[in-house]
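Accompanying notes for the structure given below.
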Amino acid sequence: MKDKLSLSDLTMQRIVTHWSNFFSLRCETKDELLSFYSSVKKIILKLTTADSIAVKDDVFLKAFLAKAMACPELQSESKKFLQEGSGTYSNR
């Protein structure tokens, strides 16, 4: 039983760490966009592999990413991304 608890605790800790890293992502200048995008993709892959349910919610991902992109040059694009009802995050 101790082994199972330790294993689930480690898994939960890893998922929480990935989510913490995800929530700390910001894109404040146009030059940061590629790095931001790469980081988002890497963390989402890790969360998907860990079978985190929230990472599959497109509305949540769109809202978070629109907020995380604070770059003035990208505000109109992120607003359009958030408001567009068709498609999914993974299609972007």
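No experiment lies behind these values; they were computed from the predicted model shown.
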What do the steps show when you test Leu65 against Leu25 for side-chain contact (heavy atoms from CB on, under 4.5 Å), and what is the final call?
CA-CA 9 Å; Leu65 293 173; Leu25 294 175; over 6 Å; no

Residues two or more places apart in sequence or in another chain: which of them pass salt bridge (Lys or Arg N to Asp or Glu O under 4.0 Å) with Lys42?
none

How does the hydrophobic cluster around Leu45 look, that is, which other residues are in it when side-chain heavy atoms under 4.5 Å mark a link?
none

Measure the CD-OG distance between Glu32 and Ser38 for me, rounded to the nearest 0.5 Å.
13.5 Å

I'd like to know if the side chain of Ser39 and the backbone of Ser35 have a donor-acceptor N/O pair within less than 3.5 Å.
yes

If you round to the nearest 0.5 Å, how far is CZ of Phe23 from CZ of Phe64?
6.5 Å

Summary of side chain to side chain donor-acceptor pair (under 3.5 Å) pairs that have at least one residue in residues 43-57, sequence neighbours excluded
Trp19-Ser52, Asp51-Lys56

Do Arg26 and Lys67 pass the side-chain contact (heavy atoms from CB on, under 4.5 Å) test, and can you show the C-alpha distance, the side-chain angles, and the key distance before you say yes or no?
CA-CA 9 Å; Arg26 295 287 177 264; Lys67 179 183 176 284; 3.8 Å; yes

Test side-chain contact (heavy atoms from CB on, under 4.5 Å) applied to Asn21 - qualifying residues, sequence neighbours left out:
Thr17, Ile43

Non-neighbouring partners of Lys30 that pass side-chain contact (heavy atoms from CB on, under 4.5 Å), sequence neighbours left out:
Cys71, Glu73

Stepwise side-chain contact (heavy atoms from CB on, under 4.5 Å) check, Thr29 with Phe36
CA-CA 10 Å; Thr29 67; Phe36 172 77; over 6 Å; no

May I have the step-by-step check of side-chain contact (heavy atoms from CB on, under 4.5 Å) for Val55 and Phe60, ending in yes or no?
CA-CA 8 Å; Val55 79; Phe60 168 75; over 6 Å; no

Got a sec, which residues hit side-chain contact (heavy atoms from CB on, under 4.5 Å) with Arg14, two or more places apart in sequence or on another chain?
Thr11, His18

For the atom pair CG (Leu10) and CD1 (Ile15), what is the distance rounded to the nearest 0.5 Å?
11.5 Å

